[in-house]
There are 2 protein chains.
Amino acid sequence: MAQEPVTVWARPERGTRGPAAVHSRAELTAVAVELADRSGLSAVSMRQVAKALGVGQASLYRYISGREDLLDLMTDSAAGEIDLDVPLSGDPVADLAALAARTRTVHLRHHWLSEIPPEPLRLGPRSLDYLEYALRAMAAVPLPGQTKMEIVALMNALISQFARAELQVSHANTDRQAAQAAYLSETAAKGDHPHVAAAMADHTEAGPAESPHALFERAMHRVLTGLVAPSSS
Amino acid sequence: MAQEPVTVWARPERGTRGPAAVHSRAELTAVAVELADRSGLSAVSMRQVAKALGVGQASLYRYISGREDLLDLMTDSAAGEIDLDVPLSGDPVADLAALAARTRTVHLRHHWLSEIPPEPLRLGPRSLDYLEYALRAMAAVPLPGQTKMEIVALMNALISQFARAELQVSHANTDRQAAQAAYLSETAAKGDHPHVAAAMADHTEAGPAESPHALFERAMHRVLTGLVAPSSS
DNA sequence: CATAACTGCGATCACTGTTCGCAGTTTCTA
DNA sequence: TAGAAACTGCGAACAGTGATCGCAGTTATG
């Protein structure tokens, strides 16, 4: 009935019969990534990708089965940029924290990673290598495999969150954010929400702001320590 | 030039001049939430909301300025379902963990919360009360306000992630997920990725699975301990 | 050589969020 | 009290989206 393999990774890129395809999935992915790097994820539409590639829009469906596939490819391509040849020290927390730090740089290089709608299980070959590496780092940890996988998922969610927060301040804010911030400070100044007001005052004066990288490493180290530490119950 | 208040919360619901509006933002919100509860966030389109409300589509723009406003209203409405009258014990970690547990139930009640695209700063009045409560729980913690706010953001990201994972297993999987899972186990069985294979084997046998609630509480407690604990550096 | 499988793609469909202009209603002001 | 101003509801339309269908042309297989 329907086409059998519903995921890109299980579908062969080419048959053997017809004329050679002019482009490839890799090419498609590269174009999509460049488009997203420059103009955000919303710029990655079938039409724009087709235009940037110089083909008709409907032709894209010869390479992928839909936009979801494109996101899969992009995500996995980004995962491929994470260096997995770094040897493990044996300290699970330190190794995971270092991996997280490398993942963070990829997130900063590709803003759109934090915009990708988090499907459960968006795992391509490179992402799988990534998962394998992370699990290997936890090999000596006496936790069930299920829990370890959840730890990796949580770690990635945190990395995404950090990247979002970091890009938010650096990037030029839309007027929507400005309005939101204005509403926040305005409401906080009204007298209710004293703790919010205090926290925001802290934020504005503060001292020399800690470098985002250092902040990330500290927080991630703490969280991982909490997660990986042997359970006391 | 443009309309001044860019956020819903700063825009008055009604002027004083014209005929009385037939509906209200609250009504709009309720309809949208019910729609999302039943059919997911994608069912919340201007047309469907208008139809469910019995008005023309263009009329919605008299109450809100766009779909984003609708998401803001829905999110804040959900935040309003979190009980903030629970007295604080004085133990920051325990209080935050309890708050997180209550937030989790709201996420489970409203699947779509995990689907909402995470804008930076989507804070309405109820969300602000929530933030105030969380900061109050950390009043005695010797950390800069900025860091405390980040902790709250991280906590919420984790709650969202947990809810997603939990709903993923319970909910009827789409064939896309099934295909992804098939690809995963197939590739893992190939011999590379031994740690992934082992973890998945753990997953399938395992013993009596721990209740999701207990798992959540344990992990959250650990993470919060790691985050709130006095810095050693 | 015929058949089956493939490629590229113009045209089109159903859907999305949003805007415009108009008729009708209410309230404020001069 | 008349008129202007501000508001409501909304039909129609616009630009954009992802996806499908069918056709002409090309290539390899049996």
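Every chain is numbered from 1, with letters handed out A, B, ... down the list of sequences. Please read all numbers here as calculations on a predicted model, not as lab measurements.
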**Student:** Using whole Å, what does the distance between atom P of nucleotide C:dG8 and atom CD of A:Glu27 come to?
**Tutor:**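 Going from CD in A:Glu27 over to P in C:dG8 covers 10 Å.
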**Student:** Could you state the CG-P distance from A:Leu28 to C:dT7, rounded to the nearest angstrom?
**Tutor:**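 For the pair A:Leu28 CG and C:dT7 P, the rounded distance is 12 Å.
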**Student:** For the side chain of A:Arg17, starting at C-beta, report the closest nucleotide among C:dA5, D:dG18, C:dT18.
**Tutor:**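 Looking only at heavy atoms from C-beta outward on A:Arg17, the closest nucleotide is C:dA5.
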**Student:** With a sphere of 6.0 Å drawn around CZ of B:Arg126, does it hold more than 12 non-hydrogen atoms of other residues, nucleotides or ligands?
**Tutor:** no
**Student:** Does A:Arg104 qualify as a cation-pi partner of A:Phe216, given the criterion of NZ or CZ under 6.0 Å from the six-membered ring centre and within 45 degrees of its axis?
**Tutor:** yes
**Student:** Checking all strands, does B:Arg14 fall into the base, sugar-phosphate, or nothing category for heavy-atom contacts under 4.0 angstrom?
**Tutor:**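 Answer is sugar-phosphate: B:Arg14 comes under 4.0 Å of backbone atoms only.
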**Student:** Within this structure, what is the CG-to-C1' distance between A:Leu53 and C:dT7, rounded to whole angstrom?
**Tutor:** 14 Å
**Student:** Send over the distance from B:Lys51 NZ to C:dA14 P, rounded to a whole Å.
**Tutor:**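 To the nearest whole Å, that distance equals 14 Å.
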**Student:** If you assign A:Ala43 and B:Gln57 each to the DNA chain D nucleotide with the nearest heavy atom, which residue ends up on the more 5' nucleotide?
**Tutor:** B:Gln57
**Student:** Once you apply a heavy-atom cut-off of 4.0 Å, does B:Ser45 come out as touching a base, just sugar-phosphate, or nothing?
**Tutor:**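 B:Ser45: backbone/sugar contact only, no base atoms under 4.0 Å.
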**Student:** Roughly how many Å is it from CG in A:Leu60 to P in D:dT20, rounded to a whole number?
**Tutor:** 13 Å
**Student:** For B:Gly18 and B:Glu68, find the nucleotide of DNA chain C closest to each by heavy atoms; which residue's nucleotide sits nearer the 5' end?
**Tutor:** B:Glu68
**Student:** How do A:Glu13 and B:Pro19 order along DNA chain C: which one's closest nucleotide is nearer the 5' end?
**Tutor:** A:Glu13
**Student:** For the pair B:Asp76 and B:Arg122, find out whether any cationic side-chain nitrogen is under 4.0 Å from an anionic carboxylate oxygen.
**Tutor:**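 Salt bridge absent between B:Asp76 and B:Arg122.
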**Student:** At 4.0 Å (heavy atoms only), tell me whether A:Arg62 reaches a base, stays on the sugar-phosphate, or touches nothing.
**Tutor:**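 The answer is base, as A:Arg62 lies within the cut-off (heavy atoms under 4.0 Å) of a base atom.
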**Student:** Is there a donor on the side chain of A:Arg47 or the base of D:dG18 sitting less than 3.5 Å from an acceptor on the other?
**Tutor:**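 For A:Arg47, whose side chain was compared with the base of D:dG18, there is a donor-acceptor pair (under 3.5 Å).
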**Student:** Just checking A:Ala58: base, sugar-phosphate only, or nothing, at a heavy-atom cut-off of under 4.0 Å?
**Tutor:** base
**Student:** From NE2 of A:His23 over to P of C:dT7, roughly how many Å is that when rounded to an integer?
**Tutor:**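 These atoms are roughly 13 Å apart.
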**Student:** How close or far is atom P of C:dC15 from atom CD of B:Gln48, stated in whole angstroms?
**Tutor:** 9 Å
**Student:** Would you tell me if any nitrogen or oxygen in the side chain of B:Ser59 comes within less than 4.0 Å of OP1 or OP2 on D:dC10?
**Tutor:**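 So the side chain of B:Ser59 is within the cut-off, an N or O lying under 4.0 Å from OP1 or OP2 of D:dC10.
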**Student:** Between A:Arg67 and A:Asp72 (salt bridge meaning N to carboxylate O under 4.0 Å), is one present in this structure?
**Tutor:**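 Here A:Arg67 does not pair with A:Asp72 in a salt bridge, since their nearest N and O are not under 4.0 Å apart.
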**Student:** Between A:Tyr61 and B:Gly54, name the one whose nearest nucleotide on DNA chain D is closer to the 5' end.
**Tutor:** B:Gly54
**Student:** For the pair made of CD1 in A:Ile64 and P in C:dT7, what is the distance, rounded to whole Å?
**Tutor:**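 To the nearest whole Å, that distance equals 13 Å.
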**Student:** Would you call A:Glu132 and A:Arg136 a salt bridge, using N to O less than 4.0 angstrom?
**Tutor:**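 No, no charged N to carboxylate O under 4.0 Å.
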